[in-house]
Number of protein chains: 2
Amino acid sequence: MSRAEQKERTRRAIINAAFSQLSADKSFASLSLREVAREAGIAPTSFYRHFADMDELGLTLVDEAGLMLRQLMRQARQRIEKNGSVIRTSIETFMEFVTGNSNVFRLLLRERSGTSAAFRSAVAREIQHFVAELAEYLRKETTCPDELARAQAEAMVILVFHTGADALDAPPEQYGYLTSRTITQLRWLAHGAAGYGRKPKG
Amino acid sequence: MSRAEQKERTRRAIINAAFSQLSADKSFASLSLREVAREAGIAPTSFYRHFADMDELGLTLVDEAGLMLRQLMRQARQRIEKNGSVIRTSIETFMEFVTGNSNVFRLLLRERSGTSAAFRSAVAREIQHFVAELAEYLRKETTCPDELARAQAEAMVILVFHTGADALDAPPEQYGYLTSRTITQLRWLAHGAAGYGRKPKG
DNA sequence: AGAATGAGCGAACAGTTGTAAGCTAAGCGG
DNA sequence: CCGCTTAGCTTACAACTGTTCGCTCATTCT
C-alpha cells in the first residue's frame, strides 16, 4: 500500500470514528481527542499527523455533512422531476436524510449555535447553499421579486430544518404529522408571498 | 442573617456565577463544577449542598430563563395595547431581550438541541408557552380553526427565535434588516393562513 | 443550657485530558 | 542502495476534573 494511500486511510478512520461517536447524548464538543484516537485505532499523539487540533477535525466533519446535504438536494431534484409535487417531495427527502443520518444532521443542528464562531459560519454557509437553490427556483417559478424570493426561501429552509430537529425527538409515528404540518406552513408562505407583494406601512 | 436566608444567598451566587460564565464561546456543557464554585466564592464540595450535580443546576437555569421569557411576553402585551402594531412590537421586544440578555437566550438556543433530553424538553416546554399564547391570540383575532392556529403560531415563533439567533452573530447595524425581514415573513404566514383555509390534495 | 442540624471547608482520590519529546521503521527519491 | 522523510508509537508530565470523607462551628430546636 502506498504511503499517501495509507495516510488517507487512517485520516478517514479518524473522521469515521468521530462521526460514529456522535449521538443524541454526545456532541462534538464532548468528544475528546483521545477517545477519537482510541476508536480510530491509533495512538493519541498520531492524531496530530492529520489534524492540528480537534477544531480542524470538526470543520472537516461540517464540510462533509454539508456535502451530504448537497447530494441530497440533487437527489431531491431528480425525484421532483418524476413526481411533480415540489414541496412534499423536498420535505420527504429531507426527512429521510434526517432519520437515516441523524448523527450527521445533529452535528449541523448543534454547531449552528455552538461555541465556535468558525463552526457556526461553516454551518451557515452550508445552509445558504440550500437557501440559494430554493430562492433561484422560486424566482423562476413565481413572480416574486429577487429580494423577497430570498426571504421566502430562508423562511422555508428554517421551518424544514426545524421540523427535522423535532423529528429527532419524536416517535416515528409522528413523522407523518410533522411532515404535513410543515407542508401546510410552507404553502402559507408561498401563498402569502404570492398575493402580498410589498406594502410600505410598518 | 437567618440560616435559610444565607443558604438562599449562596444558592443565588451559584446560579449567577453560572449565568455570568456563559458566553458566545462557553456553553453550559463546557462549564465545570469547580469553575462555577470558584466564581461563586465557595469550595467545590459545597456545591453539593445546593445541587445534586451540574445537570440540576442547568435545569434551574433553563427554568429561570423561561421565566424571563414569560415576563417578556407580559411586557410585550402592555406595549401592544399602547402601540397597536402587534407583529412589529412583538419582534422588537424580543430582539431587545436577545441583545440585552444574550447569554440567557444563548442558553435556550443551545440546550434546545443539546445532549440532554431533559434540557431539550425543558426548553421545548418554555417555548410552548410562547406558542400557546400566540395561538390563543390568533384564534381570537382571526378566523383560523384551532389546529391551524397552532401550526401558524409555531411557525411564527420558530422564525422569530431564529432571527434572534441570527442577531447574535450579526453586527448591530443589521438588526433593522433582520427585524423587517422577519416582519415580512410573519405577514406572509398570516396572510397565507387567512386566505388559504384547508385543502385536501397532497 | 444542651443537643442536633447542616452549610461550608480542606485534603485526598482516581480518572481523564491535551500535548511535548524522542524513537522506530517503512516507503520514497536520488 | 543509501539517506531522507514521516506516520505511528511509547513514555511522560502537568493540569484539571467530579466526588468521598471527615471536620468545624454557627444557627436552630428542645
Side-chain angles (χ1 to χ4, degrees), chain A residues 1-23 25-62 107 110-111 114-119, chain B residues 1-23 25-62 107 110-111 114-119:
Chain A
M1 183 163 18
S2 113
R3 209 163 159 81
E5 202 175 352
Q6 171 58 25
K7 174 157 185 179
E8 181 58 25
R9 189 179 289 246
T10 82
R11 185 188 145 95
R12 280 243 58 92
I14 294 175
I15 293 174
N16 292 339
F19 265 128
S20 84
Q21 297 208 338
L22 295 177
S23 73
D25 316 302
K26 199 132 194 164
S27 71
F28 179 79
S30 67
L31 284 183
S32 80
L33 184 151
R34 292 178 105 106
E35 269 178 316
V36 172
R38 208 177 303 138
E39 173 134 349
I42 61 172
T45 52
S46 300
F47 178 93
Y48 294 105
R49 301 289 185 194
H50 302 271
F51 300 96
D53 49 27
M54 285 294 283
D55 278 15
E56 202 172 295
L57 208 212
L59 287 176
T60 304
L61 294 192
V62 171
L107 176 74
R110 284 172 176 158
E111 299 310 327
T115 54
S116 157
F119 280 37
Chain B
M1 184 161 21
S2 110
R3 211 167 159 82
E5 202 176 350
Q6 172 58 26
K7 174 158 186 179
E8 181 58 24
R9 188 180 290 246
T10 83
R11 185 188 145 95
R12 280 243 58 93
I14 294 175
I15 292 174
N16 292 338
F19 264 129
S20 85
Q21 296 209 336
L22 294 177
S23 73
D25 316 300
K26 199 130 192 164
S27 70
F28 179 79
S30 66
L31 284 184
S32 80
L33 183 150
R34 291 178 106 107
E35 268 178 316
V36 172
R38 207 175 306 136
E39 173 134 350
I42 60 172
T45 52
S46 301
F47 179 93
Y48 295 105
R49 301 287 185 194
H50 303 271
F51 300 96
D53 50 27
M54 284 294 284
D55 278 14
E56 202 172 293
L57 207 212
L59 288 177
T60 304
L61 295 192
V62 171
L107 177 74
R110 285 174 175 155
E111 298 311 327
T115 54
S116 157
F119 280 37

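We name chains A, B, ... by the order of the sequence lines, and we start the count at 1 in each one. We use all heavy atoms of the structure for the numbers below, so side chains are in, but hydrogens, waters and symmetry mates are not.
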Could you give the [atom1]-to-[atom2] distance, from [X] to [N], as a whole number of Å?
| X | N | atom1 | atom2 | result |
| --- | --- | --- | --- | --- |
| Asp53(A) | dT17(C) | CG | P | 16 Å |
| Leu33(A) | dC16(D) | CG | P | 18 Å |
| Ile14(B) | dC9(C) | CD1 | C1' | 14 Å |
| Phe47(A) | dA20(C) | CZ | P | 13 Å |
| Tyr48(B) | dG18(D) | OH | P | 7 Å |
| Arg11(A) | dG8(D) | CZ | C1' | 17 Å |
| Asp55(B) | dT19(D) | CG | P | 10 Å |
| His50(A) | dG8(D) | NE2 | C1' | 8 Å |

Touch class at under 4.0 angstrom, heavy-atom based, for Arg9(A) against every strand present: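 Nothing, no heavy atom under 4.0 Å.
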
Touch class at under 4.0 angstrom, heavy-atom based, for Ser32(A) against every strand present: sugar-phosphate

Check whether any side-chain heavy atom of [X] sits under 4.5 Å from a side-chain heavy atom of [Y], and report yes or no.
| X | Y | answer |
| --- | --- | --- |
| Phe51(A) | Leu33(A) | no |
| Glu56(B) | His50(B) | no |
| Glu8(A) | Arg11(A) | yes |
| Val36(A) | Met54(A) | yes |

Nearest atoms (heavy-atom pairs only) where Ala17(A) meets Glu39(A): CB-CG, 3.6 Å

Side-chain donor/acceptor contact of Thr45(B) with base of dG10(C) under 3.5 Å: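 Flag set: donor-acceptor pair detected.
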
Side-chain N,O (Thr10(A)) to OP1/OP2 (dA7(D)) below 4.0 Å: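 No, no such contact exists.
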
N/O (side chain, Gln6(B)) to phosphate O (OP1/OP2, dA26(D)) under 4.0 Å: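 For Gln6(B), the contact criterion (side-chain N or O under 4.0 Å from OP1 or OP2 of dA26(D)) is not met.
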
Residue closer to the 5' end of DNA chain D, Ala52(B) versus Gly41(A) (nearest nucleotide): Gly41(A)

Given DNA chain D, 5'-ward residue of the pair Arg3(B) and Glu35(B), judged by closest heavy atom: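 Nearest-nucleotide comparison on DNA chain D picks Glu35(B).
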
Closest-nucleotide ordering on DNA chain C, the 5'-leading residue of Arg34(A) and Lys7(B):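 Nearest nucleotide further toward 5': that of Lys7(B).
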
Between CG on residue Leu57(A) and CZ on residue Phe19(A), distance to nearest 0.5 Å: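 Going from the CG atom of Leu57(A) to the CZ atom of Phe19(A) covers 9.5 Å.
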
Among [options], find the nucleotide with the atom closest to the side chain of [X].
| X | options | value |
| --- | --- | --- |
| Ile42(B) | dC9(C), dT17(C), dG8(D) | dC9(C) |
| Ser46(B) | dG8(C), dA7(D), dG8(D) | dG8(C) |
| Arg49(A) | dG18(C), dG22(C), dG10(C) | dG22(C) |
| Arg38(A) | dG8(D), dT17(C), dT19(C) | dT17(C) |
| Pro44(A) | dT19(C), dG22(C), dT19(D) | dT19(C) |

